[in-house]
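Shown next, in structure tokens, is the structure this report addresses.
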Amino acid sequence: MEVGTGKVHRVAGPVVQATGLKSHMYDLVLVGEEGLMSEVIGIAGDKHVIQVYEDTAGVKPGEPVKETGAPLVAQLGPGILTSIYDGIQRPLPKLVEASGNFISRGLFVDGIDHKKKWEFEPVAKKGDKLEPGQTIGTVQEQLLIKHKIMMPPDKRGTVKEIKSGNFTVEETICVLEDGTELPMIQYWPVRRARPSRSKEAPSIPLRTGQRVIDGFFSLAKGGTAAIPGGFGTGKTVMQQTLSKWSDVDIVVYVGCGERGNEMADLLHEFPELVDPRTDRPLMERSIVYANTSNMPVAAREASIYTGITTGEYYRDMGYDVMMTADSTSRWAEAMRELSSRLEEMPGEEGYPAYLGARLADFYERSGRVTTLEGTEGSVSIVGAVSPPGGDFTEPVTQNTLRITKVFWALDSKLTQRRHFPSINWLDSYSLYDLTLEPWFVENVSPDWNKNKRRAMSILQENAELEEIVMLVGSDALPEDQQLTLEVARMIINFWLAQSAFHPVDTFCPYKKQFDLLAAILQFRDHAFEALARGVPTDVILGTPSKDALAKVRLLEDYEPELEKVRAQMESEFKTMS
Amino acid sequence: MTKEYKTINEIKGPLLFVEKTEPVGYNELVEIRTETGEMKRGQVLDTSNEIVVVQVFEGTGGLGKESSVKFTGDVIKMPLSPDIIGRVLSGSGLPRDGGPPIVPDVSKDIAGAAINPAAREKPRAFIQTGISTIDGTNTLVRGQKLPIFSGAGLPHNDVALQIARQAKALGEAESFAVVFCAMGITNEEAQHFMADFERTGALERAVVFLNLADDPAVERLLTPQLGLTTAEYLAFDLDMHVLVIYTDMTNYCEAMRQMGAAREEVPGRRGYPGYMYTTLAIQYERAGIITGKNGSITQFPILTMPGDDITHPIPDLSGYITEGQLIVSRELHRKGIYPPIDIRPSLSRLMNSGIGAGHTREDHRAVSDQLYAYYAEGCDLRGLVAIVGKEALSERDRLVLEFADAFEQKFVNQGRDEDRSIFDTLDIGWNLLQALPETMLTRIDDHLIKKYHPRYRKKE
């Protein structure tokens, strides 16, 4: 494509107008003598409206604007994993090398190293007909992650020549009959979803090993969840636990408009986290984007798209990916700012009217898919929202809750009571309940959802009773209600509470989750049956097996012990009078 | 080379509209000369081939169509040298103390670039302010930005001064250099600050920027940038630990709103411009520590919440950028307690990294949690007492209620010149907890109780 040059006409903050361009909407252009990275966001008459990802101080009318002929793209290829990027995929450590401790302007750094050589192992053979998305070969990117080099989604052809050995990402590894030379690197416009063959139903749960999530509010692979990111809610521990224990292959973390010191903390600590399942650094299967609140606002707006694009790329290789966006409220804030610079008519609370549409577009890029090649992969999104003043009726939270299917209501009151994970069991919800049921029936137990509902209704009743207790004290309650309170307490303390720091308790497999809850419900049935026989409540509540039940979750090989406790329970209740 | 233009087409509020210029750079520094020869300075806000919009820092009074405008071709820079310490400057950086202009060693662009998150060091060095409600329960660390949210008529300035006076790293005699930025404060307040700086000798290690209430509002937009550029120079060029206090952020944001309105921008929440979040973030995020540098920047922005409303856009947006906040409470102030910091809504997000064994003392977290828990419970009980009377309380509740009162009197309350060490603060906490039965100390591990509880310590 012919690449032209225009001229700056007007500069006002991060928004620049230019004349003489032929660029299309969302094309990348380089503004001024310094070549500041920018994007076309509007065309009016002979003028292009451009948002600049960097500070525009000193830019003058008349300076050149260079076209690139392409939109903002992510560089996709081996070397993405372990990277720490800013919002437009510039590796932050490389920026330190290039410009020191402060980020200066006009720097262009490749998203992946173009000099490093990777060992390419061909899969396709000469004469093979390759369809879009089909694997050409593989690279062992990390010890445990094999990187598939795929046909770009818009290319097909017959292999004329395929190489093997060590190459940089730019060197040709495959030549097609029509003469197309394919390197390992691909470029993909970040604002466009990468294609897949079809989207699958969210019918497989994303296992997190956390009882309150898997058991009550489970997320499906390819699903979307929202968490409120207020302070003191245990968000950080929760995110780390999810990154560590979820059965996903790749973790993408996007720190969007967050605090610099907090990002520094994350950047120091994340590389030290060890993947408990493989004993390898968690960073080997992670990608981090850090665009703090003082970095240019347009790059913050772009960071969410850059993040999801790299996520989709690994999905296309057949991996399960989890993306955490922290926080989408800061992202919306960036949209609001740019919208006001463009003098658009504001919607609710100054947010642009397209806020809901943009949020929906983003969350819709999640999903479990059949890839172009026919394998299965998924991108799940966990988005944090930080409502101002904790007010959940504000537009970003409301629009997010309309789209996401799961809400984990992190609750600072629970944190203060040292109840972890601090997910409020009354306010949270998961709409994947029914779509996931067949999976649980087939793989864990036919009673999975039934027990879940029983436990939930006990907790609901408990909440109502607690209000009465606040007024009159628990002694004034009838005996059956006192029992309900106690059973609820068992569910809360023995089952919902889970220690992220206990070596065994930090991860709880499905079977164990189910067995533990079933045992508590079994206790409940025995207790009520005994009460009907006329056994006094304090005798029932003094049952030794009840306390024994509390310890079972801390055992790795819990089944023999649980068997013992259940047998003990049976005999205790039999002889109780 | 630089031409002077006499092509002012329009003057509106603080803005000049200049026509028929050569290409002018965005954010460029502008010099304006009135017909009488008076010099003013301004900055380019919007530039195009047809018209250039300039905001004038010293106000547009005295300017007319005959005034001449010179574009300097450079952005605004702050002249810096070690001699700047001890100086009093105006809100736009000119000497205000009658001293000579600053002869610069270096000149730095005041816009300041963002610190690369990968070059940041995690803040973890404890700062002792000598104020129990800060050190004990909302601990400050070097490199943090911790605003004081206050209301009109509350003694936030005294708190800020006390912090400036007393702040030091534990075990180090060296104190902080202070950069003080006043934005739109009254002459009286300014005198109060200056008198205190002089009385305590703090001025010798301070740089003061004064923009008073009757100085042009536009100038205020420059003040924190100048202050922070100076702070960065002191911290990262001269290896000093710098404490930046700016008051009052609310005036700064008002000025931003005023400029937004003058430029006929589409207003955001409550008329404040949509870019206020980013503008605030750019100031606040200039706090921190850089890997490999010895200095640090710690920020104490003060803002008065209009109508004591914490959901107002200014405190709200600030709270999302800063690492916590200290809330000055009208209720405590009315009770005659100084400093009237309400620990319940106050918070220091970086507290955990700066306390405990190796930083302060191993029991710090536990004592703080326990004090916090019973003070919060005691305050809730006050509401109940108002309805049912003290007699209806259980023995335990009565103890908690009394604890809350004692906490305010002994822990929160302290003298304006009282400089408590962190160990004093923790011991005051223990003495208060002593009034409660040991079984009630559920947040504190047994071995810490055995080690620090006054009952066991006396036996030693």
Side-chain angles (χ1 to χ4, degrees), chain A residues 8-13 17 55-63 84 86 92-93 95-96 99-105 231-232 255 257 259-265 267-269 290 292-297 329-330 333-334 336-337 339-341 343-346 349-350 386 388-389 391 416, chain B residues 23-28 45-50 53 74-75 109 111-123 143-145 236 265-269 273-275 277-278 281-288 290-293 310-311 313 316-317 320-324 347 349-350 353 373:
Chain A
V8 172
H9 174 77
R10 178 181 170 199
V11 190
Q17 289 183 1
D55 185 28
T56 50
V59 176
K60 289 181 182 143
E63 285 192 37
I84 296 169
D86 75 352
L92 289 171
L95 289 182
V96 176
S99 78
N101 298 321
F102 295 90
I103 298 175
S104 54
R105 304 190 302 170
F231 171 74
R259 302 176 178 86
N261 282 333
E262 232 161 59
M263 282 320 300
D265 196 13
L267 298 184
H268 282 118
E269 266 171 29
T292 56
S293 55
N294 57 334
M295 284 153 79
V297 61
S329 298
R330 301 283 87 84
E333 197 88 65
R336 168 158 78 179
E337 186 170 332
S339 159
S340 108
R341 294 270 190 197
E343 303 180 352
E344 290 171 345
M345 188 70 80
E349 289 196 24
S386 4
D391 168 20
Q416 282 165 17
Chain B
V24 169
Y26 175 71
N27 256 3
E28 214 171 85
L45 284 188
D46 192 334
T47 167
S48 68
N49 290 330
E50 292 102 37
V53 184
D74 205 353
V75 291
D109 181 354
I115 301 178
N116 188 324
R120 275 183 188 268
E121 195 63 56
K122 182 184 167 184
Q144 187 172 8
K145 43 198 175 292
F236 304 131
E265 291 169 347
V266 179
R269 253 200 297 172
Y275 47 79
Y277 174 79
T278 302
I282 288 170
Q283 315 299 347
Y284 292 143
E285 282 292 346
R286 289 172 86 171
I290 291 176
T291 310
K293 301 269 182 185
I310 199 166
T311 64
D316 187 51
L317 294 179
Y320 272 110
I321 308 160
T322 55
E323 285 125 357
L347 168 86
R349 285 164 195 263
L350 301 181
S353 59

Atom pair CD/OG of B/Glu265 and A/Ser340 - distance to nearest 0.5 Å: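 Between B/Glu265 CD and A/Ser340 OG, I get 6.5 Å after rounding to 0.5 Å.
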
Taking all non-hydrogen atoms of both residues into account, name the closest pair between [X] and [Y] and its distance.
X	Y	result
A/Pro61	B/Val24	CD-O, 3.0 Å
A/Asn261	B/Arg120	OD1-NH1, 3.3 Å
B/Ile115	A/Asn294	N-ND2, 4.2 Å
B/Ala118	A/Leu92	CB-CB, 3.8 Å

For [X], is it the side chain, the backbone, both or neither that has a heavy atom under 4.5 Å from a heavy atom of chain A?
X	value
B/Ser353	neither
B/Phe236	side chain
B/Glu121	both
B/Glu28	side chain
B/Ile321	both

The criterion is salt bridge (Lys or Arg N to Asp or Glu O under 4.0 Å); which residues satisfy it with A/Lys60, sequence neighbours excluded?
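By the salt bridge (Lys or Arg N to Asp or Glu O under 4.0 Å) rule, A/Lys60 matches no residue at all.
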
Worksheet item: Based on non-hydrogen pairs under 4.5 Å, which of A/Glu262, A/Met345, A/His268 is most in contact with chain B?
Response: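 Winner by heavy-atom pair count: A/His268.
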
- Looking at A/Glu63, A/His9, A/Met263, which one has more heavy-atom pairs under 4.5 Å with chain B than the rest?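 Between A/Glu63, A/His9, A/Met263, the count favours A/His9.
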
Distance only, no hydrogens: is a donor on one side chain within 3.5 Å (strictly under) of an acceptor on the other, for B/Tyr320 and A/Arg330?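 No, because no side-chain N or O of B/Tyr320 sits under 3.5 Å from a partner of the opposite role on A/Arg330.
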
Any residue meeting side chain to side chain donor-acceptor pair (under 3.5 Å) with B/Arg286, in chain and number order, not counting sequence neighbours: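 With sequence neighbours excluded, B/Arg286 shows a side chain to side chain donor-acceptor pair (under 3.5 Å) to B/Thr229, B/Glu232, given in chain and number order.
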
